[in-house]
Amino acid sequence: MSAETDLRERLDAGFGEGPGHRPVEERLVAGRRAVRLRRRAATAGIATGLAVLALAAVLLRPATGAGGGIGPNPVPSPSTTAVPGHVHLLVAPARYVDADTPPVLYLFGRMFRRDRAVDVLATYGEVDVAAHPQGGAIVRVDDHTSWVLVVGNEPERLDEQREAPYDYQAFMAWASPEFAVMSGRLALAATAPGPYTPPVPDEASPAGYDGDLLVAKPGGTVVERVHHPRADRRAVCRCHDQAVRVNTSTGDWFVLGYDCQTQGALYSERVGVRADTLASWLVQVKRVQGVFESAS
């Protein structure tokens, strides 16, 4: 027997045969137990993760008002009034501006603002026609908001202004009927003989309405009256009601006026400018209005 064989036998004898194999049934039971333990550990880990995520969502969500529920950021309520903007208009050259210039004006068919202090918030109805422009704007000057309408180029223009809050829909409702009245008055003034003279403002007219009757203001006397001049073919403007001749200490005037519902207007002109009698003056006025209406 060699030395190598003897050493191997001694080593094998030292280790012995070792423990015997467990029965197959015991191995299956132990395997099922290990699977159950791993599933429990995984379930516990998932539950912990979900709890952390829920807590994070509570801590990170935006605060809500006193009425509360959780939801997206509040949406502004719809409004019929447009949000004021800023309309860029060029500043008119100083030579076209005087103390009576409205906040916006027309030069050669283009709308300008009177000076840099005028903040134009919105415009409406602007017509880029050099011969007969008309338009309006909501403006802010020295913290006062006003509605302005302008018909005609400088210096042959007519304007209306009123102080009112920013409300674009209300502004449009006011502007539409006013444009028709102003355009008619401007057309009459532009066709009078001689140099151009702006229409006399209603406040400066020698007549005004007292209820349903066009009467002379203090210091004047109505010497002639025509009821419903629009009944004779065409009216100067819709809803024109009466025409009068008024005698004042400074001379006689023709006044044509209408007053229907909330709308009203006057057109006043000295006797002799266009005609010498009320009847012939009305004929001239209607003729001018007919030309204006057919061209518009």
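By the side chain to side chain contact (heavy atoms under 4.5 Å, CB included) test, E163 is found to be paired with H144, S146, residues two or more places apart in sequence or in another chain being considered. Taking P165 as the reference, nothing meets the side chain to side chain contact (heavy atoms under 4.5 Å, CB included) condition, with sequence neighbours excluded. Remark: R113 pairs with no residue by the salt bridge (charged side-chain N to carboxylate O under 4.0 Å, His left out) rule, at least two apart or across chains. Residues satisfying the side chain to side chain contact (heavy atoms under 4.5 Å, CB included) criterion with D115, sequence neighbours excluded, are A117, V118. Take W281 and apply the side chain to side chain donor-acceptor pair (under 3.5 Å) test, not counting sequence neighbours, and it matches E269. Residues satisfying the side chain to side chain donor-acceptor pair (under 3.5 Å) test with D202, not counting sequence neighbours, are none. Not counting sequence neighbours, the partners of R225 by the side chain to side chain donor-acceptor pair (under 3.5 Å) test are Q242. Evaluation of the side chain to side chain contact (heavy atoms under 4.5 Å, CB included) rule for D98 yields D100, T101 as partners, not counting sequence neighbours. By the side chain to side chain donor-acceptor pair (under 3.5 Å) test, R114 is found to be paired with no residue, residues two or more places apart in sequence or in another chain being considered.
When all heavy atoms of S280 and D276 are compared, the closest pair comes out as OG-N, 4.0 Å. In terms of heavy atoms, L214 sits closest to G257 at CD2-N, 4.2 Å. R245 approaches F254 most closely through the heavy-atom pair CD-CE2, 3.7 Å. Summarising the geometry of W174 relative to P177, their closest heavy-atom pair is O-CD, 3.5 Å, with the distance given to 0.1 Å. Closest approach of G109 to N153, counting heavy atoms only: N-OD1, 2.7 Å. What you find for A207 and L266 is that their closest heavy atoms are O-CD1, 3.4 Å.
By the 4.5 Å heavy-atom criterion applied to side chains, Y124 and F179 are counted as neighbours. Residues H88 and L90 form a side-chain contact, since some pair of their non-hydrogen atoms from C-beta on lies under 4.5 Å apart. Proximity of P198 to L158: side-chain heavy atoms (C-beta onward) are nowhere separated by under 4.5 Å. Using a 4.5 Å heavy-atom threshold, the side chains of L107 and P93 count as touching.
Here OG1 of T250 is found 9.0 Å from CG of D252. Values are rounded to the nearest 0.5 Å. The distance from the CG atom of L89 to the CG atom of D119 is 10.5 Å, given to the nearest 0.5 Å. Note that CD of E178 is 12.0 Å distant from CD of Q134, once rounded to the nearest 0.5 Å. Summarising the geometry, atom CZ belonging to R157 is positioned 12.5 Å from atom CG belonging to L149; distances are rounded to the nearest 0.5 Å. With rounding to the nearest 0.5 Å, the separation of CG in L105 from CZ in F112 is 7.5 Å. Rounded to the nearest 0.5 angstrom, R270 CZ and T248 OG1 are separated by 6.0 Å.
A continuous path of ILVMFWY side-chain contacts below 4.5 Å connects Y166 to F171, so both sit in one hydrophobic cluster. Under a hydrophobic clustering in which Ile, Leu, Val, Met, Phe, Trp and Tyr are joined whenever their side-chain heavy atoms come within less than 4.5 Å, directly or via other members, V120 and V91 fall into different clusters. Hydrophobic cluster membership is shared by V87 and Y106, with clusters built from Ile, Leu, Val, Met, Phe, Trp and Tyr side chains linked at under 4.5 angstrom. Following chains of ILVMFWY side-chain contacts shorter than 4.5 Å, one can reach V244 starting from Y209, so the two form part of one hydrophobic cluster. Both V226 and L188 are assigned to one and the same hydrophobic cluster, defined by single-linkage of ILVMFWY side chains at heavy-atom distances under 4.5 Å.
Screening residues 186-198 for side chain to side chain donor-acceptor pair (under 3.5 Å), with sequence neighbours left out, gives T191-R274.
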Q.
What verdict does the side chain to side chain contact (heavy atoms under 4.5 Å, CB included) test give for V222 and V255, after you've listed the backbone C-alpha separation in whole Å, the side-chain angles of each residue and the deciding distance to 0.1 Å?
A. CA-CA 10 Å; V222 173; V255 181; over 6 Å; no
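Here L213 is tied into one hydrophobic group with V215, each link being a pair of ILVMFWY side chains closer than 4.5 Å. Other members of the cluster containing V97 do not exist, because no ILVMFWY side chain is joined to it at under 4.5 Å.
Listed for the K217 side chain is a donor-acceptor partner under 3.5 Å among the backbone atoms of S205. Although no hydrogens or angles enter the test, the distance criterion places no donor-acceptor pair under 3.5 Å between the side chain of D159 and the main chain of V150.
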